[in-house]
Asks: 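Take a look at this one; I'll ask things after.
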Amino acid sequence: MFQKEQQLVEEKIKTYCAANDIQLAELKWKPIPFSGEWGFATSFFQTAANEAKRGRSENMSAPQKAQEIAEQVKGQISGEAGIRHVEAVKGYLNIYFKTSEYALRVVDEVLKNGANFGRGKLKSETVMVEYAQPNTHHSFHIGHARNAALGEVLARLTEFAGYRTIRASYPGDLGLGVITVLWMYDKFYKGQEPAGVHERGQWLLKLYVEANQLLEKKENETPAETAQREAYEAERREMYRKWDAGDPQVRELWHVTRRWSLDELREILQMLDIDIDVWFFESDVDAPSKAIVDELIAKGIADDERPQGGAVIVKIDEKLGLTKEKYRTNVILRADGTSLYLTKDLALAKEKFEKYHVDRSIYVVDTRQSLHLQQAFAILKLWGFAQAEKCHHLGYGFVSLPEGAMSSRKGRVTLFKEVYDEAVKRVLSLNVEKSVELSSAEREKIARQIGMGALIYSMLSVDNNKDIVFHIDEALSFDGRTGPYIQNAHVRANSILKKANFKPSTSALQPETFNYDLAKQEIELIEQLSQFPQKAQQAAEEYRPLVMATYAYDLANAFHSFYHAVPVLQTEDEKIKNARLLLVAATKQVLVNALHLLDIQAPDAM
RNA sequence: GCUUCCGUAGCUCAGUGGAUUAGAGCGCUUGCUUGCGGAGCAAUAGGUCGCAGGUUCGAGUCCUGCCGGGAGCACCA
């Protein structure tokens, strides 16, 4: 927002140093870290160190020399438009803006651009974010929710940064786990179907757990039990064979039950305000992936060891000419001719690149699959896809429960829907006195927004590569550094504006609007507003939703402090009151923008 | 064995080279509501940033080694 001033000052410093034979290091500008005034600053330590090496420091320490240079440079700068004063402190050159002009510029930028404040320029690259890849025939648990939240926020960030963004989901709809559910249903529950989308989806998980109990080898089995278990196992294998052979009845059963799962998934994604653009199914890339194997063999990338009774493999390190073990060797086709996870990922990537013209492909996948994805990217590179360089794995640590790891097989999972329902219940139980004037439908809606806000923020406010132990009381806390804290700042801002019946407009901004003694809380708040664009950009470039989560809290924190310390509606001076209303309106706007990037709703009341 | 992530306050975590004093939240202690919504604000206590070297004018931050913990390592996904 202040590049012009910065450039001007930088030119002057460079000119001065060139004229005086000072070997100037690169200037790195940062906002001044003290509260009370604004500006930007740069240090001269590196320059001082350079000078010392040239024997020109006159036995001064680096900080002393830096201070000397800062003082000299300071003399060159004065009277620039918008700059109030310049100081040289501890080796730093601090350049302060005129408060009223700075405040005006920030608030004006926000109100003028509204929802687009902070948006990056349109870029030519297309980004695809792949997330929400649960298996069908199981259920969506809290670990999937972390994946979905991270993926959606990343997609929102890249979109906001100016990339054309495609959201992709890739459910796993085949394999032994799926067949196990089909077998269980067919054998014991044929014809049954619980009412309700979630009930039906969750019921499939119940079948899966029961089936695994029946099929699991137990200690001290009687011969009869062993025989029974082996008979079940044979039936399951037969079911798999039929599915593979395209048996119409098994396929039909598979389709119907798969739809139950997908219906539930779609409803859950809707609760999370996620709108997937492209659905890839594992079953769709199964056949193409086998064709790819032949292509890779023909190109000399894969080695066919089937004649020796082996599989088709890719010796990745060897093909890349690496001497040290890095990607190792991986199988892309089993000895029996069936494809693997890796094979399908290759087929999927090809489709992304060729059909969707994706330049940059982001995979939001559990961090444990890091090696697998590195191998896939390496093979794509060998295969000749330039986009392989721009494949990025956004890994995230796994979510476990206080009692241990989640396991669908054992049924030890915390389902997203359970947490969702609990969240809504808790919000409603808090909320009675204050929302008398709201209808029960409005209260329900707000409860959902706040419950989800708490849950999503708890997922985003920890670095993605850290593991999380999911404690429901912590995830659904509404106090302190939480989603509702940020939402509450928005509610308060909204409440003030509503009481004043204030419609912000940039035409209300005059050069003298902020020409009064700003409280330090006002200054801190404006400082936070001004940082939104660069934080949004940083979060997108570094693929780090956490950056935005941290920022949103800092902004809300600045507003809450302002709210308590600085009166708005009670301000007697009409001009100051108007200025503060504009500031509140700008804050509300940036809170909305930040919350939106975080996939959290901004309720007007709560 | 190799690879990778992590180790910061009692607990959960921010902070990836620069500033007075390493920051939040929870929990602990204490104030604030005849006030724009207290899901809040203000304040107190609590840290040799795992250990040891190194690079640098400057290291919680970069490099090396060690200690401790998690995860992954070809016919599962």
Side-chain angles (χ1 to χ4, degrees), chain A residues 28 30 32-34 41 43 45-53 57 60-66 89-92 94 133 135 172 174-177 282 305 310-316 324-336 338-345 366-372 374-375 395 397-398 427 430-431 434 450 454 461-463 465-469 471 474 477-485 487-489 491-500 521 546-547 549-550 553-554 557 560-571 580 584 605-606:
Chain A
K28 291 178 198 155
K30 292 200 154 189
I32 289 172
F34 316 126
S43 74
F45 296 116
Q46 187 60 55
T47 301
N50 289 350
E51 292 296 288
K53 278 182 198 147
S57 63
M60 278 190 269
S61 68
Q64 282 171 335
K65 182 68 184 170
V89 184
K90 297 185 176 181
Y92 283 82
N94 295 338
Q133 317 97 324
N135 291 327
L174 46 75
L176 190 62
E282 207 179 336
E305 296 186 341
V312 180
I313 63 172
V314 181
K315 296 174 180 168
I316 307 173
K324 264 181 71 181
E325 175 178 66
K326 186 168 183 192
Y327 300 108
R328 309 185 181 190
T329 294
N330 219 332
V331 172
I332 58 169
L333 197 72
R334 288 191 189 96
D336 67 5
T338 54
S339 69
L340 290 111
Y341 182 43
L342 178 63
T343 330
K344 289 166 203 158
D345 252 339
D366 191 321
T367 182
R368 285 175 292 188
Q369 291 175 33
S370 174
L371 177 61
H372 161 81
Q374 295 308 313
Q375 291 171 329
F398 68 77
V427 179
L430 283 182
N431 205 346
K434 285 180 186 169
I450 295 170
S461 60
V462 177
D463 194 80
N465 57 26
K466 282 201 170 159
D467 293 346
I468 291 180
V469 178
H471 290 98
E474 287 170 20
S477 162
F478 308 136
D479 300 325
R481 198 172 187 286
T482 63
Y485 176 93
Q487 292 171 312
N488 189 33
V491 167
R492 288 175 145 183
N494 184 62
S495 173
I496 291 176
L497 297 173
K498 204 171 133 193
K499 281 225 162 90
Q521 289 86 354
L546 171 65
V547 170
T550 303
Y553 174 77
D554 291 341
N557 184 236
H560 281 303
S561 297
F562 162 85
Y563 179 90
H564 279 274
V566 182
V568 178
L569 298 179
Q570 279 94 355
T571 306
R580 287 179 176 160
V584 172
M606 65 191 271

Asks: How about A:Leu174 and A:Lys344: do any of their side-chain heavy atoms sit closer than 4.5 Å?
Replies: yes
Asks: Separation of A:Ile468 atom CD1 from B:C11 atom P, in whole Å?
Replies: 19 Å
Asks: What nucleotide among B:C2, B:A39, B:C57 has an atom nearest to a side-chain atom of A:Lys53?
Replies: B:C57
Asks: B:A74 and B:C2: how far apart are their C1' atoms, nearest whole angstrom?
Replies: 15 Å
Asks: Counting only N and O atoms by type, is there a donor-acceptor contact under 3.5 Å from the side chain of A:Ser477 to the main-chain atoms of A:Glu474?
Replies: no
Asks: Given that both distances must come in under 3.5 Å, which nucleotide forms a Watson-Crick or G-U wobble pair with B:C11?
Replies: B:G25
Asks: Name the nucleic acid region contacted by A:Lys498, choosing base, sugar-phosphate or nothing; use a 4.0 angstrom heavy-atom cut-off, strictly under.
Replies: nothing
Asks: How far, in whole Å, is B:A24 from B:A14 if one measures between their C1' atoms?
Replies: 7 Å
Asks: Atom NE2 of A:His564 to atom C1' of B:G38: distance rounded to whole Å?
Replies: 7 Å
Asks: Heavy atoms under 4.0 Å, any strand shown: does A:Ala52 hit a base, just sugar-phosphate, or nothing?
Replies: nothing
Asks: With nearest nucleotides of RNA chain B determined for A:Thr550 and A:Ser495 from heavy-atom distances, which residue corresponds to the more 5′ nucleotide?
Replies: A:Thr550
Asks: Report the nucleotide, chosen from B:C57, B:A74, B:C13, that has the shortest atom-to-atom distance to any side-chain atom of A:Ala49.
Replies: B:C57
Asks: Pick base, sugar-phosphate or nothing for A:Lys30, based on heavy-atom distances below 4.0 Å to the nucleic acid.
Replies: sugar-phosphate
Asks: Need one value for A:Asn557: base, sugar-phosphate or nothing, where a base atom within 4.0 Å counts as base even if backbone is also close, heavy atoms only.
Replies: sugar-phosphate
Asks: Is the ring pair A:Tyr92/A:Phe45 parallel, tilted or perpendicular, if the boundaries are 30 and 60 degrees?
Replies: perpendicular
Asks: A:Lys28 NZ to B:U16 C1': how many Å, rounded?
Replies: 12 Å
Asks: Quick one: on RNA chain B, does A:Thr338 or A:Phe398 contact a more 5' nucleotide (nearest heavy atom)?
Replies: A:Phe398
Asks: Under 4.0 angstrom, heavy atoms only, what part of the nucleic acid is A:Val568 near: base, sugar-phosphate, or nothing?
Replies: base
Asks: For the side chain of A:Asn94, counting heavy atoms from C-beta on, which of B:C36, B:G70, B:A19 is nearest?
Replies: B:A19
Asks: Assign A:Gln570 to base, sugar-phosphate, or nothing according to its heavy-atom contacts below 4.0 angstrom with the strands shown.
Replies: base
Asks: What integer distance in Å separates A:Phe45:CZ from B:C57:C1'?
Replies: 9 Å
Asks: Look only at the side chain of A:Gln375 and the backbone of A:Tyr327, and say whether a donor-acceptor pair between them is shorter than 3.5 Å.
Replies: yes
Asks: Looking across every strand, which nucleic acid part, if any, lies under 4.0 Å from A:Tyr563 by heavy atom: base, sugar-phosphate, or nothing?
Replies: base
Asks: Rounded to the nearest angstrom, tell me the gap between atom CG in A:Asn330 and atom C1' in B:C2.
Replies: 16 Å
Asks: What does B:C62 pair with, Watson-Crick or G-U, if both distances are under 3.5 Å?
Replies: B:G54
Asks: A:Tyr563 and A:Gln521: side-chain donor and acceptor closer than 3.5 Å?
Replies: no
Asks: Could you measure between the two C1' atoms, the one in B:G60 and the one in B:U21, and give it in whole Å?
Replies: 16 Å
Asks: Measure from the side chain of A:Leu546, starting at C-beta and using heavy atoms only, and say which of B:A74, B:G15, B:G25 lies closest.
Replies: B:G15
Asks: Indicate, yes or no, whether a donor-acceptor pair under 3.5 Å links the base of B:C26 to the side chain of A:Glu474.
Replies: no
Asks: Look at all strands and tell whether A:Asp463 reaches a base, only sugar-phosphate, or nothing, counting heavy atoms closer than 4.0 Å.
Replies: sugar-phosphate
Asks: Looking at the side chain of A:Ala62, which of B:G40, B:C57, B:A14 is the nearest nucleotide?
Replies: B:C57
Asks: For residues A:Asn330 and A:His372, is any side-chain donor paired with an opposing acceptor at under 3.5 Å?
Replies: no
Asks: Rounding to an integer number of Å, can you tell me how far A:Arg368 CZ sits from B:U4 P?
Replies: 19 Å
Asks: Pick the P atom in B:A9 and in B:U61, then give their distance to the nearest Å.
Replies: 15 Å
Asks: Determine the interatomic distance between P on B:G70 and the same-named atom on B:A52; round to the nearest Å.
Replies: 24 Å
Asks: Round to a whole Å and report the spacing from CZ of A:Phe478 to C1' of B:C26.
Replies: 15 Å
Asks: Considering only B:G7, B:G40, B:G18, which nucleotide approaches the side chain of A:Asn488 most closely?
Replies: B:G40
Asks: Give me the distance, rounded to whole Å, that separates B:U8 from B:U48 when you measure between the C1' atoms they each carry.
Replies: 12 Å
Asks: So what does A:Ser561 hit on the nucleic acid, given a heavy-atom distance under 4.0 Å: a base, only sugar-phosphate, or nothing?
Replies: sugar-phosphate
Asks: Need one value for A:Ala48: base, sugar-phosphate or nothing, where a base atom within 4.0 Å counts as base even if backbone is also close, heavy atoms only.
Replies: nothing
Asks: With sugar-phosphate meaning primed atoms plus P, OP1 and OP2, does A:Leu342 contact a base, only sugar-phosphate, or nothing at under 4.0 Å between heavy atoms?
Replies: nothing
Asks: Of all the choices, B:C5, B:A77, B:A74, which nucleotide is nearest to the side chain of A:Asn465 once you look at every atom?
Replies: B:C5
Asks: Contact class for A:Val547 vs. all strands (heavy atom < 4.0 Å): base, sugar-phosphate, or nothing?
Replies: nothing
Asks: Identify the two heavy atoms, one from A:Leu371 and one from A:Lys326, that lie closest to each other, and give their separation to 0.1 Å.
Replies: CD1-O, 4.1 Å
Asks: Taking pairing as Watson-Crick or G-U wobble with both contacts under 3.5 Å, can you name the mate of B:A42, or confirm there isn't one?
Replies: B:U30
Asks: Looking for any heavy atom pair under 4.0 Å, which part of the strands does A:Lys326 touch: base, sugar-phosphate only, or nothing?
Replies: nothing
Asks: Could you tell me the separation between the CG atom of A:Leu340 and the P atom of B:C73, rounded to a whole number of Å?
Replies: 13 Å
Asks: A:Tyr485 stacking on B:G40: centroids under 5.5 Å, ring planes under 30°?
Replies: no
Asks: Taking atom C1' in both B:G23 and B:G38, what distance in whole Å separates the two?
Replies: 25 Å
Asks: What heavy-atom pair brings A:Glu282 and A:Gly172 nearest, and what distance separates the two atoms?
Replies: OE1-CA, 3.0 Å
Asks: For the side chain of A:Tyr341, starting at C-beta, report the closest nucleotide among B:A77, B:C36, B:A74.
Replies: B:A77
Asks: What's the closest nucleotide to the side chain of A:Arg492 if the choices are B:A39, B:G38, B:C36?
Replies: B:G38
Asks: How long is the gap from CG on A:Asp366 to CD on A:Gln133, to the nearest 0.5 Å?
Replies: 10.0 Å
Asks: Of the nucleotides B:A77, B:A19, B:G18, which has the atom closest to the A:Ser43 side chain?
Replies: B:G18
Asks: Assess whether one donor atom and one acceptor atom, taken from the side chain of A:Arg328 and the base of B:C73, lie less than 3.5 Å apart.
Replies: yes
Asks: Just to be sure I understand the rule, does A:Ala66 reach a base, reach only the sugar-phosphate, or reach nothing, if contact means heavy atoms closer than 4.0 Å?
Replies: nothing
Asks: Does A:Phe478 have its ring centroid less than 6.0 Å away from the ring centroid of A:Tyr485?
Replies: no
Asks: What's the gap between B:U64 and B:C11 when it is taken at their C1' atoms, as a whole Å value?
Replies: 33 Å
